[in-house]
Structures are given as C-alpha cells and as structure tokens.
Amino acid sequence: MREQLRDAYNVFCRKHKPGLCCAVRENRPVPSFLDAESWAFGYTVRSKSDGPVSFQSKAAQEANSRLGFYLFHDVCA
C-alpha cells in the first residue's frame with residue numbers, strides 16, 4: 001500500500017540542468033521563476049513512492065510553507 005503524502009506536489013525540472021527540480025504544492029500558484037523557457041513539468045508526487053529517493057516530503061512541506069516551493073536535486077537524473 002502506498003503511503004499518501006499530506007499534500008500533492010507538482011515537480012518541475014530544469015531543462016538544461018539535469019537533476020535540478022522544484023516542487024510546488026498542487027494547490028498553490030507556480031512561482032514566476034518557473035518559466036516555460038527554462039523549466040518543464042515533470043511529474044506529480046502524491047505518495048512517497050511517486051517521487052525520487054532524493055525527494056524529502058518533510059523538507060518539501062516545510063519549504064513550501066515558508067517559500068512556496070522546494071528545490072531539490074534528483075540524484076537519479
């Protein structure tokens with residue numbers, strides 16, 4: 001059984017910097033620096049098994065509460 005996260009996150013990937021990702025709560029506006037020229041939608045994380053190993057749900061929750069986004073590096077990219 002997949003463990004659901006408290007919040008779902010849309011993850012955007014930097015186009016020319018493999019592995020650099022930005023997670024934004026699904027119900028929040030996308031920050032303006034995530035422009036279509038430099039970033040692409042990657043996937044949505046709804047449970048711990050949806051995201052890469054480097055996606056830390058507690059850190060994502062705290063960063064989104066304070067900043068409105070969570071930057072992380074996908075070590076598998």
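Numbering starts at 1 and runs along the sequence shown.
Separation of atoms SG (C22) and CZ (F33) is listed at 4.0 Å; rounding is to 0.5 Å. In this structure, the separation between CG on L20 and CG on L71 is 6.0 Å, given to the nearest 0.5 Å. Note that CZ of R14 and OG of S38 are 4.0 Å apart. Values are rounded to the nearest 0.5 Å.
Within a 6.0 Å radius of NZ in K17, no more than 12 heavy atoms belonging to other residues, nucleotides or ligands are found.
When each of T44, D50, N64 is paired with Y9, the side-chain contact (heavy atoms from CB on, under 4.5 Å) condition holds for N64 and for no other. Checking each of K58, R25, R46 against D7 for a salt bridge (charged side-chain N to carboxylate O under 4.0 Å, His left out) leaves exactly one that passes, namely R25.
Remark: side-chain polar atoms of Q56 are paired, donor with acceptor, to backbone N or O of V53 under 3.5 angstrom.
When all heavy atoms are compared, the tightest approach of A40 to K15 is CB-CE, 4.0 Å. Between P52 and D74 the shortest heavy-atom distance is CB-OD1, 3.4 Å. Looking at every heavy atom in both residues, S54 comes nearest to Y70 through O-OH, 3.7 Å.
Not less than 6.0 angstrom separates the ring centroid of F12 from the ring centroid of F69.
Side-chain contact between C21 and F55 is absent, with no heavy atoms from C-beta onward closer than 4.5 Å. Side-chain contact between V24 and L34 is present, with at least one heavy-atom pair separated by less than 4.5 Å.
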